[in-house]
Each structure stands twice: as C-alpha cells, then as structure tokens.
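This chain uses plain numbering: 1 for the first residue, then up along the sequence. No hydrogens, no waters, no symmetry mates; every other heavy atom, side chains included, goes into these values. Just so you know, these numbers come straight off a predicted model, no measurement behind them.
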Amino acid sequence: MAVWFFAALNAKKTVRHEDALSRLGNTLPILVGAILLSAHPAWLGPFQVRLLPNDVTISVAGAVLTFIGLVFAVWARFHIGRNWSGVITLKQDHVLIRSGPYALVRHPIYTGLMLGIIGSAVARRDIAAALAVAAVLYAVLRRMTIEESWMSDSFGRDYADYKARTPALIPFLL
C-alpha cells in the first residue's frame with residue numbers, strides 16, 4: 001500500500017476518469033474479496049470449510065505465489081511510472097507502455113495482484129478464499145474491459161497491434 005501511495009504522488013494530471021458509480025462497481029467486489037480473505041474463520045460460518053488439506057507444503061506454495069505476484073505487480077507499477085492511477089483514468093500525455101512486464105501481458109499489475117490473491121487463497125484453503133478470488137477476478141475483468149476500450153479509443157491501431165501480440169493477463173496464453 002505504501003508503494004502505491006507514494007508513487008501516486010508523482011502521477012501525471014488526469015484528463016479522463018471513470019465515473020463514481022462505475023468505480024463503485026469495481027471497488028465493492030474487491031472489498032468483498034478483502035473481507036473474505038482477512039476475516040477470522042469463526043466469522044465465516046459455512047464458508048470456513050476447507051477445500052485443501054492443512055499441509056505445510058500448500059501453505060508454502062500459497063506464500064510463494066503471493067510473493068511472486070506482489071513482486072510482479074510492484075515491478076509493473078514502477079514500470080508504468082507516471083501513467084498509473086488507482087482508478088481507471090487517462091493521463092495528460094498518456095503513453096502506451098509495451099516494455100518490461102507490459103511486454104509479457106497488457107495488464108501486469110492485475111496479473112500480479114491476482115496471483116497474490118490466488119496465493120493467499122491457497123494458503124487459506126477455505127471456501128471464503130475461493131469466493132474472494134472470484135470476487136476480485138470479477139472486478140479485474142470488469143476494469144480490464146473498460147481500460148481496453150479507453151486504450152483502443154486513445155491509441156487506435158497501435159493498441160490494436162499491441163493487443164494482437166500481447167496476452168491480457170496470463171503470459172503466453174490469455
């Protein structure tokens with residue numbers, strides 16, 4: 001959170017931003033996911049049922065996935081530099097970034113954050129964690145749809161070429 005906060009202080013001026021109602025449609029599922037992942041199991045009732053065995057190997061695998069995901073997201077955040085925003089925006093003199101993690105996927109911050117959420121869910125191993133992954137994935141896919149439209153409008157053929165060559169979320173696949 002600190003990395004995101006301090007890096008945001010140097011962002012370019014916003015020239016277009018998502019309206020508040022649309023932003024709420026992205027934020028609420030993320031909030032639900034965060035609550036499901038962080039709530040004490042006793043508060044979750046039937047959602048505390050384990051989906052994976054209580055095994056140290058599974059916990060370590062979840063921690064490793066979380067670490068890799070967060071490192072990838074932070075790398076992407078620094079690489080996009082002043083074009084970044086925590087909400088869907090277009091910045092003044094916005095630049096289409098296609099290098100670094102953006103050469104692997106079009107949405108590397110989302111890729112990293114989803115990997116981190118999945119890792120946390122694997123470590124937690126319960127139904128609530130699986131529901132958290134679903135909620136955050138919904139928000140990510142919704143945000144991507146809006147961002148893709150805005151980037152196509154702004155960068156035209158350059159973005160179409162980038163989109164044709166570079167997967168959205170999963171390197172070499174999707």
How would you list, by chain and number, every residue that makes a side-chain hydrogen bond (donor to acceptor under 3.5 Å, both in side chains) with Ser99, sequence neighbours excluded?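 By the side-chain hydrogen bond (donor to acceptor under 3.5 Å, both in side chains) rule, Ser99 matches His79.
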Flag side-chain contact, heavy atom, 4.5 Å: Asp55 against Ile58: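 A side-chain contact exists here, since the closest heavy-atom pair is under 4.5 Å.
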Do Leu37 and Ser120 come within less than 4.5 Å of each other through their side chains, counting heavy atoms only?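 Side-chain contact under 4.5 Å: yes.
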Cluster link [X] to [Y], ILVMFWY, side chain under 4.5 Å:
X	Y	result
Val136	Val133	yes
Ile30	Leu21	no
Trp150	Ile80	yes
Tyr102	Ile146	yes
Val122	Ile170	yes

Treating Thr145 as the side-chain partner and Leu141 as the backbone partner, does any N or O pair qualify as donor plus acceptor under 3.5 Å?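 A pair under 3.5 Å: yes.
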Using atom types as modelled and distance alone, determine if a side-chain donor or acceptor of Asn83 lies under 3.5 Å from a backbone N or O of Val95.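 Yes, because the side chain of Asn83 sits within donor-acceptor range (under 3.5 Å) of the backbone of Val95.
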List the atom of [X], the atom of [Y], and the distance in Å for their closest heavy-atom pair.
X	Y	result
Gly25	Pro29	O-CD, 3.2 Å
Leu65	Gly119	CB-CA, 3.7 Å
Ala135	Gly33	CB-N, 4.2 Å

Please collect all salt bridge (Lys or Arg N to Asp or Glu O under 4.0 Å) contacts where either partner lies in residues 98-108, sequence neighbours excluded, each pair once.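 Qualifying pairs: Arg106-Glu148.
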Once you round to the nearest 0.5 Å, how far does [atom1] of [X] lie from [atom2] of [Y]?
X	Y	atom1	atom2	value
Ser59	Arg124	OG	CZ	12.0 Å
Leu169	Leu137	CG	CG	7.5 Å
Leu44	Leu36	CG	CG	7.0 Å
His40	Gln48	NE2	CD	9.0 Å
Tyr110	Ile117	OH	CD1	13.5 Å

Checking [X] now: which residues fulfil salt bridge (charged side-chain N to carboxylate O under 4.0 Å, His left out) with it, not counting sequence neighbours?
X	result
Arg125	none
Arg142	Glu18
Arg165	none

Would you call Asp19 and Arg23 a salt bridge, taking side-chain N to carboxylate O under 4.0 Å as the test?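 Between Arg23 and Asp19 there is no salt bridge, as every charged N stays at least 4.0 Å from the carboxylate O atoms.
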Between Ile68 and Leu115, does a side chain to side chain contact (heavy atoms under 4.5 Å, CB included) hold up when you go through it step by step? CA-CA 8 Å; Ile68 292 168; Leu115 187 56; 3.9 Å; yes
Can you sort out the partners of Tyr159 under ring-ring contact (aromatic ring centres under 6.0 Å, His included), two or more places apart, ordered by chain and number?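 Only Tyr162 meet the ring-ring contact (aromatic ring centres under 6.0 Å, His included) criterion with Tyr159.
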Determine, stepwise, if the pair Leu28 / Tyr138 fulfils side chain to side chain contact (heavy atoms under 4.5 Å, CB included). CA-CA 10 Å; Leu28 281 179; Tyr138 166 80; over 6 Å; no
Chi angles and distances behind the side chain to side chain contact (heavy atoms under 4.5 Å, CB included) call for Phe47, Asp126: CA-CA 7 Å; Phe47 298 121; Asp126 59 21; over 6 Å; no
